[in-house]
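Remarks on the structure that follows.
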Amino acid sequence: MGIILPVTLTAAAAAAIINLWLAVRVGQMRGVTKTIHGDDAGGPLTRRMRAQLNFVENTPFALALIAAIELTGRGEPWLAWVAGLYMLGRVAHGFGMDGEGATKPRMIGTLVTMLTLLGLAIVAVLIVLGVM
């Protein structure tokens, strides 16, 4: 039997669902703006496209770090909470990108993403150094 990584599998499933949700929102806005190809030069479609792209830019790093930490066996019990918080932050960011300015959900999502990636990277290095 293979190795089962429940935190990683759950986080990857959540990420797939969030990415699908973001893609559907882009498609809906394409219909509203009647933009079949490209974007709407900084309008609501562009913001939704950027929300999805930002998710795709950051989430693989988070998932890779989550998987690597889980494989070491040093992620119990906090790693699942961090993964869940990251996904909630990404949903907040997606909603926040609907606003024209700097919205609170966007700022929360950005901050959660940056702190999660930094924290997971630090933990990974500490594991390699034998500190954790």
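- Judged purely by atom type and a 3.5 angstrom limit, Q52 has no side-chain atom pairing as donor or acceptor with the backbone of L22.
- Of the candidates R106, R47, R25, D98 forms a salt bridge (Lys or Arg N to Asp or Glu O under 4.0 Å) with just one, namely R25.
- In this structure, the ring of F95 has its center less than 6.0 angstrom from the ring center of W21.
- Between atom OG1 of residue T103 and atom CD1 of residue I108 there is a gap of 8.5 Å, rounded to the nearest 0.5 Å.
- Donor-acceptor pairing under 3.5 Å is lacking for the side chains of T33 and D40.
- Side-chain atoms of R48 and M97, non-hydrogen and from C-beta on, never get closer than 4.5 Å to each other.
- Of the inter-residue distances, the one linking I122 atom CD1 with L117 atom CG reads 11.0 Å to the nearest 0.5 angstrom.
- Scanning both residues, T35 and G38, for their nearest heavy atoms gives CG2-O, 4.0 Å.
- By the criterion of side-chain heavy atoms lying less than 4.5 angstrom apart, applied directly or through intervening Ile, Leu, Val, Met, Phe, Trp or Tyr residues, W81 is not grouped with L79; the two fall into different hydrophobic clusters.
- I18 contributes atom CD1, which lies 5.0 Å from atom CZ of F55 (distance to the nearest 0.5 angstrom).
- Taken to the nearest 0.5 Å, the NE2 atom of H93 stands 7.0 Å off from the OG1 atom of T113.
- Distance check: T46 OG1 to D39 CG gives 3.5 Å after rounding to the nearest 0.5 Å.
- How far CD1 of I66 is from CG of L71: 12.0 Å, rounded to the nearest 0.5 Å.
- Residues M49 and R30 form a side-chain contact, since some pair of their non-hydrogen atoms from C-beta on lies under 4.5 Å apart.
- Follow the hydrophobic side-chain contacts under 4.5 Å out from L111 and you never reach L118; the two are in separate clusters.
- What you find for V7 and A83 is that their closest heavy atoms are CG1-CB, 4.3 Å.
- G94 and A51 get closest at one heavy-atom pair: CA-CB, 4.2 Å.
- By the criterion of side-chain heavy atoms lying less than 4.5 angstrom apart, applied directly or through intervening Ile, Leu, Val, Met, Phe, Trp or Tyr residues, V91 is grouped together with L63 in one hydrophobic cluster.
- Clustering ILVMFWY residues whenever any of their side-chain heavy atoms sit less than 4.5 angstrom apart, transitively, puts M29 in a cluster other than the one holding I36.
- Within a 6.0 Å sphere centred on CD1 of I3, other residues, nucleotides and ligands contribute 12 heavy atoms or fewer.
- Among all heavy-atom pairs drawn from M87 and A15, the shortest one is CE-CB, 3.9 Å.
- By the 4.5 Å heavy-atom criterion applied to side chains, P6 and E70 are counted as neighbours.
- Remark: M132 CE is packed, more than 12 non-hydrogen atoms of other residues, nucleotides or ligands lying under 6.0 Å away.
- Put simply, L115 and L65 are part of two different groups of oily side chains (I, L, V, M, F, W, Y) that touch within less than 4.5 Å, one to the next.
- Considering T59, N58, T116, N54 as possible partners of R90, the one that fulfils the side chain to side chain donor-acceptor pair (under 3.5 Å) test is N54.
- R74 contributes no side-chain N or O that, together with a main-chain N or O of I69, makes up a donor-acceptor pair within less than 3.5 Å.
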